[in-house]
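Let me begin by presenting the structure, written as structure tokens, before commenting on it.
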Amino acid sequence: MSVLAGKRFWLVGASAGIGRQLALCLAREGAAVVASARDGAALAGVVEEMLPVLTAKGGHAAVAFDVTDSACTIAAFENVGEVDGVIYCAGAYEPMSARRPDLGLLETVVDVNFTGALRVLSACVPAFCRRGSGHILLVGSLSGYRGLPNAWGYGATKAALNHLAENLRCDLRGSGIGVQVCNPGFVATRLTEKNDFRMPFLMAPEAAAARIVRGMARNRFEIAFPFLMAMALKILAVLPKPLYFALLGFSTGRKGKAA
Ligand SMILES: NC(=O)c1ccc[n+]([C@@H]2O[C@H](COP(=O)([O-])OP(=O)(O)OC[C@H]3O[C@@H](n4cnc5c(N)ncnc54)[C@H](OP(=O)(O)O)[C@@H]3O)[C@@H](O)[C@H]2O)c1
């Protein structure tokens with residue numbers, strides 16, 4: 001039996017893509033899911049589709065809210081009921097170059113991807129600390145390892161989530177609360193539909209969700225996939241900056257000094 005069986009998770013970003021598949025996958029493992037996002041009708045569909053599960057803390061539920069609104073986030077947390085853990089999978093993405101910034105879109109990306117995570121964590125973590133148990137999973141991205149072209153705003157939010165997960169891991173050591181960060185490569189969702197380039201190792205959201213659930217059960221700090229892409233980006237991440245920028249310039253065909 002899975003170690004996730006009998007647990008109840010608050011999954012923020014469950015209405016579509018990776019989060020939707022993650023909800024279905026967790027239910028198959030015997031975990032109950034409180035599915036959140038803005039689209040209430042889509043959340044109701046997820047709850048209907050999940051295998052029924054009843055845990056000591058309750059069953060599946062849908063709580064619709066907008067992570068960019070602090071008051072709504074607090075109210076949503078009050079409606080969620082008792083949970084064993086929280087998964088922050090909400091995300092917004094716009095391919096953007098620093099040469100053509102769109103401040104309105106950038107503000108949304110930062111608000112959903114990073115400030116939204118702070119809102120959700122500020123609601124949950126004190127309750128987990130009082131109880132002396134909990135499980136936190138933040139969904140980052142391999143694009144957060146290092147500065148990449150056309151990831152203006154988005155890449156920085158994913159780097160920030162990785163930093164935040166490390167902060168949490170340090171601060172919550174010995175508290176009974178487990179912290180994990182998940183860094184996926186390219187996954188075929190409405191988010192990556194916006195990309196007009198060939199995406200190496202593109203995965204189906206079902207496969208990504210299965211990989212995340214396996215990682216949650218193993219309880220390693222980082223869940224990074226697909227393996228080859230994660231390894232390649234990990235190597236790039238430790239290269240000295242001049243070498244990294246030279247390699248990137250070579251692969252994108254853009255030469256010249258960065259500053
Ligand atoms: N797809 C990839 O290649 C890839 C790679 C690495 C990391 N990721 C990360 O994986 C996560 C899921 O992405 P995805 O590809 O599955 O995208 P997606 O299909 O667009 O799903 C994004 C989820 O976030 C929710 N969301 C967006 N804005 C929200 C808001 N203001 N309040 C509450 N919920 C909100 C969406 O629901 P509503 O619209 O109903 O609110 C949806 O459930 C994101 O954090 C993304 O950055 C994706």
Side-chain angles (χ1 to χ4, degrees), residues 10-25 33-47 62-77 80 86-96 104-105 107-120 123 137-145 148 150-151 153-162 164-165 180-195 197-209 211-212 215 222-226 229-230 233:
W10 185 19
L11 174 46
V12 182
S15 65
I18 299 170
R20 184 176 206 285
Q21 292 305 323
L22 190 52
L24 301 178
C25 208
V33 177
V34 183
S36 284
R38 290 166 303 180
D39 185 340
L43 294 175
V46 175
V47 171
V63 175
F65 79 104
D66 186 333
V67 297
T68 64
D69 185 318
S70 298
C72 286
T73 306
I74 293 166
F77 178 62
V80 162
V86 62
I87 302 166
Y88 194 79
C89 189
Y93 166 70
E94 289 298 329
M96 197 182 296
L105 286 178
E107 284 175 339
T108 301
V109 168
V110 173
D111 210 5
V112 174
N113 295 5
F114 183 62
T115 320
L118 293 177
R119 290 186 186 98
V120 166
L137 171 65
L138 304 180
V139 179
S141 161
L142 292 181
S143 68
Y145 283 177
L148 291 167
N150 296 318
Y154 180 80
T157 62
K158 295 301 177 175
L161 278 178
N162 273 268
L164 187 65
Q180 292 183 296
V181 64
C182 168
N183 290 315
F186 293 114
V187 182
T189 65
R190 65 185 184 183
L191 198 140
T192 42
E193 270 172 14
K194 297 173 182 175
N195 288 337
F197 54 87
R198 194 186 68 81
M199 290 175 272
F201 303 106
L202 183 68
M203 295 174 78
E206 291 83 352
R211 189 64 195 74
I212 295 172
E222 187 187 10
I223 306 165
F225 59 85
M229 190 172 175
L233 284 163

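Remember, it's 1-based here, ligands and their atoms both numbered in the order they're listed. Predicted model, so just to flag it, every value in this text is computed and none were measured.
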Neighbouring residues of ligand 1, heavy-atom cut-off under 4.0 Å
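Its neighbours under 4.0 Å (heavy atoms only) are Gly13, Ala14, Ser15, Ala16, Gly17, Ile18, Ala37, Arg38, Asp39, Phe65, Asp66, Val67, Thr68, Cys89, Ala90, Gly91, Val112, Val139, Gly140, Ser141, Tyr154, Lys158, Pro184, Gly185, Phe186, Val187, Thr189, Arg190, Leu191, Thr192, given by chain and number.
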
With sequence neighbours left out, write down each residue that passes side-chain hydrogen bond (donor to acceptor under 3.5 Å, both in side chains) with Glu206, or none if nothing qualifies.
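With sequence neighbours excluded, Glu206 shows a side-chain hydrogen bond (donor to acceptor under 3.5 Å, both in side chains) to no residue whatsoever.
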
Distance-only, no hydrogens or angles: does the Lys158 side chain make a donor-acceptor pair with backbone N or O of Tyr145 under 3.5 Å?
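Pair absent, no side-chain N/O of Lys158 close to backbone of Tyr145.
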
Do you know which two heavy atoms are closest between [X] and [Y], and how far apart they sit?
X	Y	result
Asp39	Ala42	OD1-N, 3.0 Å
Gly153	Val109	C-CG1, 4.2 Å
Trp10	Ala76	CZ2-CB, 4.3 Å

Working for salt bridge (charged side-chain N to carboxylate O under 4.0 Å, His left out), residues Arg119 and Asp111:
CA-CA 10 Å; Arg119 290 186 186 98; Asp111 210 5; 2.9 Å; yes

